[in-house]
J.: 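Got a structure for you, questions after.
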Amino acid sequence: MTFRYDINGIRALAVLSVVIYHFLPESLPGGFVGVDVFFVISGYLMTSIIITKLDVNKFNIWDFYLARANRIIPALLALCFTLLILGFFLITPVEYEKLAKQILASSLFISNLVYYKESGYFAEDSLENWLLHTWSLSVEWQFYLIYPIAMVIIFKLFTRKFIPLILTLATLSSLALSVWLSSRNPELSYFALPTRAWEMLAGGLIYFFGSKVQSKITKCFELVGISLILLSCIAYSENIAWPGYAAILPVLGTCLIIASNQNNSSLLNNYVLQKLGVWSYSIYLWHWPVVVVIYKMQLGPLYTVIGLAISGVLGFISYQCIERLKLKNHNSTFMSSLKNKPIQCSIFIAALSFMVFSTDGIISRSSNEYQTAVSDVKASPLRELCHTNKYVPPKDSCEYFEDKNIKWATLADSHSVEIAYALANKVSEQGEGVKQFSFSGCKPSYGMSSNFSNCAKWYNDVVDYVITNESIENVVFIHRYSAQISGGDNHLYPALPPERLTKTSLQVIESIDRAILALAEHKKRVIVIYPVPELPRAITKMIDSAYTADLDFKNLRGTKANWYLERNRVIINHFDDLVYPSNVVFIKPYELFCDSSFCYAVKDGRALYFDDDHLSVYGASILAADIVSNK
């Protein structure tokens, strides 16, 4: 296959757009489209390789797989191994465990699935993930595994002329799925192969329909294609549903450039772009960890420029020392592929990272105090099973641990999950069980219509179910009240979030009272929990910062007590001022987790939270003991 200098130039444009976007997002808000450009190029090249060999009956699927392994794995593993070694010396066990998990997922080419699973409400900032960018390599590798098999089957079952038609149908189907899913489940659409496949398949179609000769018309194709990619980089931003229909623009632009076949183009075939194109894969690999270092060390704008330069240098070194290695991939079989050095190294790195992950980042090397605090940073083991973000009929909600004698219910948002688990452990000693009702981010919506919140129907049905359920005698009621009443971000600490009281805020407060009073009328006890103190940042970051600075974290401060009181002033004053029925009991976490000066993240060496605002199981157990004693 003749080397395509124009395609190499597109690679340069793609890596430049991605790198600039990650280092200077304001300068190129749509630079992420570079990944989509890479996908189109991959689809074109893979189709070219497969069809060319199939046409002469010389296609060996193991040769194809090993060629891909030799191309992708060595540079990726060099990065992973470097991070694994440096991480042992430079980051805390908690962070090292996370890094090991990312390396394991990347070396097995399943990181897109892992990052999808970790996306959503509790997702870490993307800049906390050293290998987040490897999701695209996982998508490509999964495509490489399936695509040649599909092409071989199509080639055997149909004549060659039907392949473009079948590819067109597959492309349109994947695109339709992408458009449909991007607005319904944007995280899944972003990371999944089925919603990304159309971009690679579009590249495959260009192999069949692209121009074989150059002309003035095809030159126009190149200009239009480059313009579409640049327009996407400038006009798009991370707020757009992606990939969806918007991705058609950069994909079409890339297809037009490839189809134009301008191999001697002065626009794309110049010294700078050709060198960047050759180094593009390695630059892509190394640039993201450099971005993460700058973020974690809170370095200034000057280091952004330095980071760009370092990414280029590391990409050049990786290309010269790793990518240019000559590795055998001819006359391969399944058994011979097991002797492939990149695959063997991949297995070794996966095993090593699994060992690090399974030992909690080799946490045994840290102090006992650190190990104790970190061991408490745990959510309910039943959170994933029992917590929901969509409508679940109340009768189907989780019951534990004495499901034959459900005397307790907990509601309503995610802050009730660990309390339900801890309470169930406590009351099971008396032969009683708990039914958990929790809906992620659900604001109080009792008595409100479905357009008030996405959980209004669920909320109404749950309260009515609890009221009519004669077995349930005690109800624990908790929300993240202030966030749902006036909004605001605890990460602004020590500044207070602006207090925004609106008509909706008043409706939320009315809904709180409506639910409490309705439950109190029919139940033995309604235990209302005052706001749980929030932390200025995630508990693990606070512990790690104290540990790294060699500070005592037996009683690690979260926020000032006055900040907590002012942050939650509206709901605290409301609960304090109103007169509720005598069977409504109030529990104040402030009295358990704060003193007159500070609220604590770690108390007596034990972590009270598992993130920045949800209690850990240990923290919840303290609250549960107080709940039972006030029954």
Side-chain angles (χ1 to χ4, degrees), residues 1-2 4 7 10 35-68 71-72 109 112 136-182 188-213 218 221 225 228 242-261:
M1 180 181 176
T2 303
R4 292 284 300 268
I7 290 178
I10 308 172
V35 172
D36 305 85
V37 173
F38 277 127
F39 283 159
V40 178
I41 294 171
S42 292
Y44 171 80
L45 294 176
M46 294 312 102
T47 304
S48 175
I49 291 168
I50 294 168
I51 296 299
T52 301
K53 293 289 182 68
L54 284 173
D55 281 341
V56 293
N57 199 30
K58 290 185 178 180
F59 181 71
N60 181 329
I61 198 164
W62 296 108
D63 281 352
F64 177 85
Y65 286 153
L66 291 192
R68 296 302 92 215
R71 170 76 179 97
I72 294 175
F109 293 100
N112 61 321
S136 62
L137 302 183
S138 295
V139 169
E140 281 198 48
W141 186 259
Q142 292 157 19
F143 180 78
Y144 294 159
L145 289 178
I146 298 170
Y147 191 54
I149 297 174
M151 293 297 285
V152 169
I153 293 173
I154 293 169
F155 209 82
K156 289 184 179 298
L157 295 180
F158 304 93
T159 59
R160 189 184 190 280
K161 66 180 182 180
F162 282 103
I163 293 179
L165 174 61
I166 296 171
L167 281 186
T168 300
L169 293 175
T171 303
L172 293 175
S173 298
S174 175
L175 172 59
L177 177 63
S178 176
V179 171
W180 179 81
L181 195 60
S182 291
L188 180 58
S189 183
Y190 189 88
F191 287 113
L193 172 62
T195 49
R196 291 287 187 168
W198 70 272
E199 299 176 327
M200 289 170 272
L201 292 172
L205 284 172
I206 298 304
Y207 172 77
F208 294 98
F209 298 123
S211 174
K212 307 301 180 186
V213 295
T218 57
F221 284 176
L228 291 177
W242 200 263
Y245 68 88
I248 293 174
L249 206 61
V251 169
L252 178 60
T254 310
C255 288
L256 287 173
I257 298 172
I258 297 173
S260 69
N261 196 21

J.: Just checking Phe155: does its CZ atom have more than 12 heavy atoms from other residues, nucleotides or ligands closer to it than 6.0 angstrom?
T.: yes
J.: The criterion is ring-ring contact (aromatic ring centres under 6.0 Å, His included); which residues satisfy it with Tyr65, sequence neighbours excluded?
T.: Trp62
J.: Over all heavy atoms of both residues, which pair between Gly225 and Leu256 is shortest? Give the atoms and the distance, please.
T.: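 Heavy-atom minimum between the residues: CA-CB, 4.1 Å.
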J.: Could you name each residue pair satisfying side chain to side chain donor-acceptor pair (under 3.5 Å) that touches residues 145-160, not counting sequence neighbours?
T.: Thr47-Tyr147, Asp55-Arg160
J.: Between Ile163 and Phe158, does the side-chain contact (heavy atoms from CB on, under 4.5 Å) criterion hold? Intermediate values first, please.
T.: CA-CA 8 Å; Ile163 293 179; Phe158 304 93; 6.0 Å; no
J.: Report the residues that fulfil side-chain contact (heavy atoms from CB on, under 4.5 Å) with Ser136, sequence neighbours left out, ordered by chain and then residue number.
T.: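 Per chain and number, Ser136 pairs via side-chain contact (heavy atoms from CB on, under 4.5 Å) with Val35, Phe39, Tyr284.
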J.: If you apply the rule side-chain contact (heavy atoms from CB on, under 4.5 Å), what do you find for Ile7 with Leu45, and how did you get there?
T.: CA-CA 10 Å; Ile7 290 178; Leu45 294 176; 4.3 Å; yes
J.: How long is the span from the CD1 atom in Ile50 to the CZ atom in Phe59, to the nearest 0.5 Å?
T.: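 Atom-to-atom, Ile50:CD1 and Phe59:CZ are 5.0 Å apart.
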J.: Return the minimal non-hydrogen interatomic distance between Gly244 and Ser182, and the atom names on each side.
T.: N-OG, 3.1 Å
J.: With sequence neighbours left out, what residues match Leu157 under side-chain contact (heavy atoms from CB on, under 4.5 Å)?
T.: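 Ile153.
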J.: Among residues two or more places apart or on two chains, list those pairs meeting salt bridge (Lys or Arg N to Asp or Glu O under 4.0 Å) that have a residue in residues 163-177.
T.: none
J.: Could you tell me the separation between the CD1 atom of Ile61 and the CD1 atom of Ile149, rounded to the nearest 0.5 Å?
T.: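 Answer rounded to 0.5 Å: 4.5 Å.
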J.: Checking Ser42 now: which residues fulfil side-chain hydrogen bond (donor to acceptor under 3.5 Å, both in side chains) with it, not counting sequence neighbours?
T.: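 Checked Ser42 against side-chain hydrogen bond (donor to acceptor under 3.5 Å, both in side chains); matches are Glu140, Tyr144.
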J.: Which heavy atom of Val40 sits nearest to which heavy atom of Cys255, and what is that distance?
T.: CG1-SG, 3.8 Å
J.: Decide yes or no for Lys53 and Phe64: does some side-chain heavy atom of the first lie under 4.5 Å from some side-chain heavy atom of the second?
T.: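 No - every pair of side-chain heavy atoms lies 4.5 Å or more apart.
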J.: Give every donor-acceptor pair under 3.5 Å between a side-chain atom in residues 190-202 and any protein atom, sequence neighbours left out.
T.:
residue	atom	partner	partner atom	Å
Thr195	OG1	Ser189	O	2.6
Thr195	OG1	Ala192	O	3.1
Arg196	NE	Tyr190	O	2.9
Arg196	NH1	Asp36	OD2	2.7
Arg196	NH2	Tyr190	O	3.3
Trp198	NE1	Thr195	O	3.2

J.: What distance separates Ser48 OG from Phe208 CZ, expressed to the nearest 0.5 Å?
T.: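 So the gap between those two atoms works out to 9.5 Å.
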J.: Could you point out which residue of Ile49, Thr52, Ile258 forms a side-chain contact (heavy atoms from CB on, under 4.5 Å) with Tyr207?
T.: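 Checked Ile49, Thr52, Ile258 against Tyr207; only one passes side-chain contact (heavy atoms from CB on, under 4.5 Å): Thr52.
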J.: Between Ser260 (side chain) and Ile257 (backbone), is there a donor-acceptor pair under 3.5 Å?
T.: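 Yes; at least one donor-acceptor contact below 3.5 Å.
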J.: Taking all heavy atoms of Ala247 and all of Pro250, pick out the closest pair and write down the distance.
T.: O-CD, 3.2 Å
J.: With sequence neighbours excluded, tell me which residues meet ring-ring contact (aromatic ring centres under 6.0 Å, His included) with Trp242.
T.: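 Per chain and number, Trp242 pairs via ring-ring contact (aromatic ring centres under 6.0 Å, His included) with Phe32, Tyr236.
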J.: Do Ile248 and Leu175 have side chains that approach each other closer than 4.5 Å (heavy atoms only, starting at C-beta)?
T.: yes
J.: Go through Asn112 and Gln142 one step at a time and tell me if the side-chain contact (heavy atoms from CB on, under 4.5 Å) criterion holds.
T.: CA-CA 10 Å; Asn112 61 321; Gln142 292 157 19; 2.8 Å; yes
J.: Would you mind listing every side chain to side chain donor-acceptor pair (under 3.5 Å) that reaches into residues 166-176, with sequence neighbours excluded?
T.: none
